[in-house]
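First up is the structure itself, then whatever we jot down about it.
In this chain, numbering begins with 1 at the start of the sequence shown. These numbers come from the heavy atoms of this one structure, side chains and all, not from hydrogens, waters or symmetry mates.
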Amino acid sequence: MSLPYRNSRKKRSQSYILIGDGFDEFEVIYFLHKFRQAGLSIKSVSLFDKLVYSRQGVGLKADYALADKPFDPAGEDCLLILPSGGRNGEALRHDARVKSLLMEFNSGRGRVAVTGSNSHLADDVEQVFSDRLTLHRNADQGLEDFVKSLTERIVYAS
């Protein structure tokens, strides 16, 4: 039985946050919390196993592993968030599957957001996304403002 409030909700694009071992807890948890608080759908995707450990040793059970192929960047309008805090940026940057995934996003309908504009990961994403817009956090912009701008972009775009 569906609830009446769910029937009136607009279909919004799905968001995914890609995490590997050594991620920054605050960055990832803040994204998950704020997106869900705004009523947006966001799922965590780990590089390998569903259990991922932060740089402080805190375990997080991801919703999906990347091997599960939880999204289709070529056909689905989705947002992929790449946190660059902790060792996560380097883990994502050196994973060949992430590079091929970014190429799929570049040729498809998906969008990519990187949390640090002055990171090596952001530079790599810019090289792949030569024709498309990527969303970066400015050097003078706090994480809270960046997350708020992304949530507003998703809410008003739908």
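- Using modelled atom types, one side-chain atom of Arg36 and one backbone atom of Ile42 make a donor-acceptor pair closer than 3.5 Å.
- Between the side chain of Thr115 and the main chain of Ser84, a donor-acceptor pair closer than 3.5 Å is present.
- Between the side chain of Asp63 and the backbone N or O of Lys43, no donor-acceptor pair lies under 3.5 Å.
- Within the 4.5 Å cutoff, no side-chain heavy atoms of Phe35 are placed close to those of Ile17.
- The closest side-chain heavy-atom distance from Asp21 to Arg87 is not below 4.5 Å.
- Nearest heavy atoms, Gln141 versus Arg137: O-NE, 3.4 Å.
- Around atom NE2 of His120, no more than 12 heavy atoms belonging to other residues, nucleotides or ligands sit under 6.0 Å away.
- A donor-acceptor pair is defined here as one N or O able to donate and one able to accept, closer than 3.5 Å; such a pair exists between the side chain of Arg97 and the backbone of Leu47.
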- Kindly determine whether Ser15 and Leu40 satisfy side-chain contact (heavy atoms from CB on, under 4.5 Å), including the steps that lead there. CA-CA 8 Å; Ser15 300; Leu40 302 174; 5.7 Å; no
- Item | Worked verdict on Leu101 versus Leu66 for side-chain contact (heavy atoms from CB on, under 4.5 Å) | CA-CA 10 Å; Leu101 182 66; Leu66 190 57; 4.1 Å; yes
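- With Asp95 contributing its side chain and Leu92 its backbone, the two residues share no donor-acceptor pair below 3.5 Å.
- Residues Pro83 and Val28 approach most closely at CG-CG2, 4.0 Å, considering heavy atoms.
- Between Val98 and Leu18, the closest heavy-atom pair is CG2-CD2, 3.9 Å.
- A distance-only check finds no donor-acceptor pair linking the side chain of His33 to the backbone of Ile29 [under 3.5 Å].
- Rounding to the nearest 0.5 Å places CG of Leu79 at 9.5 Å from CZ of Arg153.
- At least one side-chain heavy atom of Arg55 sits less than 4.5 Å from a side-chain heavy atom of Asp24.
- Between Val114 and Ser119, the closest heavy-atom pair is CG1-OG, 4.3 Å.
- Residues Lys50 and Asp68 meet the side-chain proximity criterion, which asks for heavy atoms closer than 4.5 Å.
- Expressed to the nearest 0.5 Å, how far CZ of Arg109 lies from SG of Cys78 amounts to 9.0 Å.
- The hydrophobic clustering, which links ILVMFWY residues whose side-chain heavy atoms are closer than 4.5 Å, places Val45 and Leu51 apart.
- Under the 4.5 Å side-chain contact rule for hydrophobic residues, Val52 and Val58 do not share a cluster.
- With sequence neighbours excluded, the residues satisfying side-chain hydrogen bond (donor to acceptor under 3.5 Å, both in side chains) with Ser54 are Glu25.
- Rounding to the nearest 0.5 Å gives a distance of 5.5 Å between CG of Leu60 and OG of Ser44.
- Taking every heavy atom of both residues into account, Phe129 and Leu102 meet most closely at CE1-O, 3.6 Å.
- With contacts defined as side-chain heavy-atom distances shorter than 4.5 Å, the pair Glu90/Leu121 does not qualify.
- What you find for Pro70 and Ala65 is that their closest heavy atoms are CD-O, 3.9 Å.
- Partner of Asp124 under the side chain to side chain donor-acceptor pair (under 3.5 Å) criterion, out of Arg93, Lys99, His94: Arg93 alone.
- Listed by first and then second residue, the ring pair (Phe, Tyr, Trp, His ring centres under 6.0 Å) pairs involving residues 40-87 are Tyr16-Phe71, Phe71-Phe105 (not counting sequence neighbours).
- Contact annotation: the side chain of Leu143 approaches that of Glu27 to within less than 4.5 Å [non-hydrogen atoms, C-beta and beyond].
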